[in-house]
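These notes are about the structure you will find just below.
Note on naming: letters A, B, ... go to the chains in the order of the sequence lines (proteins, then strands), and numbering restarts at 1 for each one.
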Amino acid sequence: RKEVEQDPGPFNVPEGATVAFNCTYSNSASQSFFWYRQDCRKEPKLLMSVYSSGNEDGRFTAQLNRASQYISLLIRDSKLSDSATYLCVVIPFSGGYNKLIFGAGTRLAVHP
Amino acid sequence: ETGVTQSPTHLIKTRGQQVTLRCSSQSGHNTVSWYQQALGQGPQFIFQYYREEENGRGNFPPRFSGLQFPNYSSELNVNALELDDSALYLCASSLDPANNEQYFGPGTRLTVT
């Protein structure tokens with residue numbers, strides 16, 4: 001079983017739609033959680049951190065459910081510029097260093 | 001932009017050869033991590049360098065090695081290249097090993113033929 005699993009998509013949505021991505025992780029001792037965004041042939045860029053209390057940044061809302069080992073990302077009012085691959089990232093407790101464990105990513109395509 | 005730079009941008013090597021990739025961390029960041037991203041996959045952790053020493057390592061063979069210099073820049077060396085080493089190699093810097101936020105450079109795309 002992969003440490004971080006995501007639905008690869010693609011999710012094809014019209015502009016203005018609301019879309020949700022899910023991610024599950026296997027290591028219950030994981031300590032930190034993030035969503036990164038990666039455009040085609042570019043580097044991953046930090047989108048937002050994920051907390052149990054949930055956090056919101058404009059049109060983006062992220063949520064963590066530790067009991068179910070489940071992370072979500074909600075994008076409201078999708079824009080063409082949101083088209084990208086969204087990577088779920090988990091940091092397990094490693095004792096002295098932090099390594100990012102990435103999912104394979106979920107591809108989003110927003111069309112006019 | 002993150003301020004993390006990598007060179008070269010692209011590289012083509014032959015199986016069995018050796019390659020060195022370079023990374024300059026963001027100003028103020030003393031920790032550098034390296035990741036390998038194969039096509040269609042998420043990045044995989046290779047190792048992390050802090051205070052010029054390897055601070056943690058993923059599931060990569062010893063032919064993957066690295067260095068960190070006093071100015072916190074870093075090199076990734078891969079010996080005896082294999083076809084499966086073809087990938088995007090990403091460097092990420094962070095304030096220190098305990099800091100969770102890592103910022104990536106643009107990557108080096110390595111093709112092994």
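- You'll find the ring centres of A/Tyr36 and A/Phe102 inside the 6.0 Å limit.
- Neither the backbone nor the side chain of A/Thr85 comes within less than 4.5 Å of any heavy atom in chain B.
- Residue B/Tyr35 touches chain A through its side chain alone, counting heavy-atom pairs closer than 4.5 Å.
- In this structure, chain B has no heavy atom under 4.5 Å from any part of A/Arg107.
- Interface residue B/Asn99: only backbone heavy atoms are found under 4.5 Å from chain A.
- Across A/Pro44, A/Ser32, A/Gly103, the residue that shares the most heavy-atom pairs under 4.5 angstrom with chain B is A/Pro44.
- Separation of the A/Tyr51 and A/Phe33 ring centroids does not fall under the 6.0 Å cut-off.
- For A/Gln6 and A/Thr106, the side-chain atoms include at least one donor-acceptor pair closer than 3.5 Å.
- In the displayed structure, B/Asn59 atom CG is contacted under 6.0 Å by at most 12 heavy atoms of other residues, nucleotides or ligands.
- For the residue pair B/Gln36 / B/Tyr89, a side-chain donor-acceptor distance below 3.5 Å is found, with atom types taken as modelled.
- If you measure heavy-atom distances from B/Gln102 to chain A, the contacts under 4.5 Å come from both the backbone and the side chain.
- Between the CG atom in A/Leu100 and the CG atom in B/Leu90 there is a gap of 11.0 Å [rounded to 0.5 Å].
- Neither the backbone nor the side chain of B/Gln44 has a heavy atom closer than 4.5 Å to any heavy atom of chain A.
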